Amino acid sequence: IVSMTLKDKLEAEASPIILAFGNSLTAGYAVPNAESYPSKLQKILQENGFPHRVVNGGVSGDTTAGGLRRIHWLMKQNPKFVILELGANDGLRGQQISEMESNLGKIIEICLSKKAKVLLAGMKIPPNYGEDYTRDFEEVYHRLSKRYRIPLIPFFLEGVAGNRRLTQPDGMHPLSTGYIIVAETVWKHLKPML
């Protein structure tokens with residue numbers, strides 16, 4: 001049994017790491033860990049014969065500034081891929097778009113400098129922040145995708161946000177049923193990178 005445990009540990013250490021880096025949407029706010037999108041993505045990878053190990057680097061309430069402070073520490077795990085899902089909390093707090101874009105750009109540069117491939121998860125915010133702000137917010141992700149030549153998930157919560165059957169009462173944080181769709185959305189964009 002001890003050698004089996006050691007064998008499993010060595011295999012896990014040899015598996016290429018996919019870092020799911022984000023806020024509560026990545027952490028799996030108010031759902032069991034096994035129901036979060038990184039856990040569901042891990043299952044999809046296994047079912048498709050990929051040896052990769054998904055590490056959940058989500059922290060509820062995190063902003064792009066918080067992510068920038070955390071990224072160096074998480075990159076010590078030498079992930080081969082980083083799924084970058086940040087910005088929603090910046091937008092919901094009405095923070096400056098230019099600061100959010102700058103922080104995301106720095107995070108992307110740190111990941112790329114460590115030879116990790118980045119998949120950027122685009123976000124949208126509710127229209128009550130004004131037409132200009134909501135448009136400018138969304139455009140940040142498209143600009144960064146072009147600037148750094150990295151793939152973009154146009155909207156991370158596609159088919160989930162606002163759907164009362166798939167989200168918690170806030171209409172934003174997914175239920176486990178919603179996370180199934182989020183994981184499939186991420187997989188669709190991640191698979192060509194693998």
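Owing to the predicted nature of the structure, the values given are computational and were not obtained by experimental measurement.
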Taking it one step at a time, do Y148 and V118 satisfy side-chain contact (heavy atoms from CB on, under 4.5 Å)? CA-CA 9 Å; Y148 294 103; V118 180; over 6 Å; no

To the closest 0.5 Å, what do you measure between CG (L25) and OG (S60)?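 So the CG of L25 and the OG of S60 are separated by 8.5 Å.
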
Inter-residue atom distance K117.NZ - K80.NZ, 0.5 Å rounding: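 The NZ atom of K117 sits 10.5 Å away from the NZ atom of K80.
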
Counting only heavy atoms from other residues, nucleotides and ligands, does the tally under 6.0 Å from [atom1] of [X] exceed 12?
X	atom1	answer
Q96	CD	no
H142	NE2	yes
R93	CZ	yes

Say whether, by atom type as modelled, one donor and one acceptor occur between the side chain of [X] and the main chain of [Y] under 3.5 angstrom.
X	Y	value
Y129	L92	yes
Q168	L175	no
S145	I150	yes
T185	I181	yes
N56	T26	yes
N89	D62	yes
T64	L86	no
S102	S98	no

Can you check whether [X] reaches [Y] side chain to side chain, under 4.5 Å on heavy atoms?
X	Y	value
E184	K188	no
P174	L157	yes
T63	N103	no
R53	Q42	yes
N78	I17	no
M123	F137	yes
L190	L41	yes
I153	E85	no

Taking every non-hydrogen atom, the tightest pair across [X] and [Y]:
X	Y	result
A27	S36	O-CB, 3.9 Å
N128	P126	OD1-CB, 2.9 Å
G171	T167	CA-OG1, 3.3 Å
L74	P79	O-CD, 4.2 Å
M193	P151	SD-CG, 3.5 Å
K40	A34	CG-O, 4.3 Å

Could you tell me how the ring of H52 sits relative to the ring of F50: parallel (under 30°), tilted (30 to 60°) or perpendicular (over 60°)?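 Correct class here is tilted.
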
Take W187 and L194, measure what side-chain contact (heavy atoms from CB on, under 4.5 Å) needs, and give me the verdict at the end. CA-CA 10 Å; W187 172 240; L194 302 177; 3.7 Å; yes

Determine, step by step, whether F155 and E138 satisfy the side-chain contact (heavy atoms from CB on, under 4.5 Å) criterion, reporting the C-alpha distance in whole Å, the side-chain angles of both residues, the deciding distance to 0.1 Å, and the verdict. CA-CA 9 Å; F155 183 34; E138 194 177 332; over 6 Å; no

Stepwise side-chain contact (heavy atoms from CB on, under 4.5 Å) check, L68 with I110: CA-CA 9 Å; L68 183 55; I110 290 164; 3.9 Å; yes

May I have all residue pairs that pass ring pair (Phe, Tyr, Trp, His ring centres under 6.0 Å) and include part of residues 18-40, sequence neighbours excluded?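 Output for this query lists Y29-H173, Y37-F156.
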
Linked, directly or transitively: W73 and L19 (ILVMFWY side chains, under 4.5 Å):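 They do share one cluster, since a chain of ILVMFWY contacts under 4.5 Å joins W73 to L19.
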
What I want to find out is whether E101 reaches R147 closely enough, with some N-O distance under 4.0 Å, to be called a salt bridge.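 So E101 pairs with R147 through a salt bridge.
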
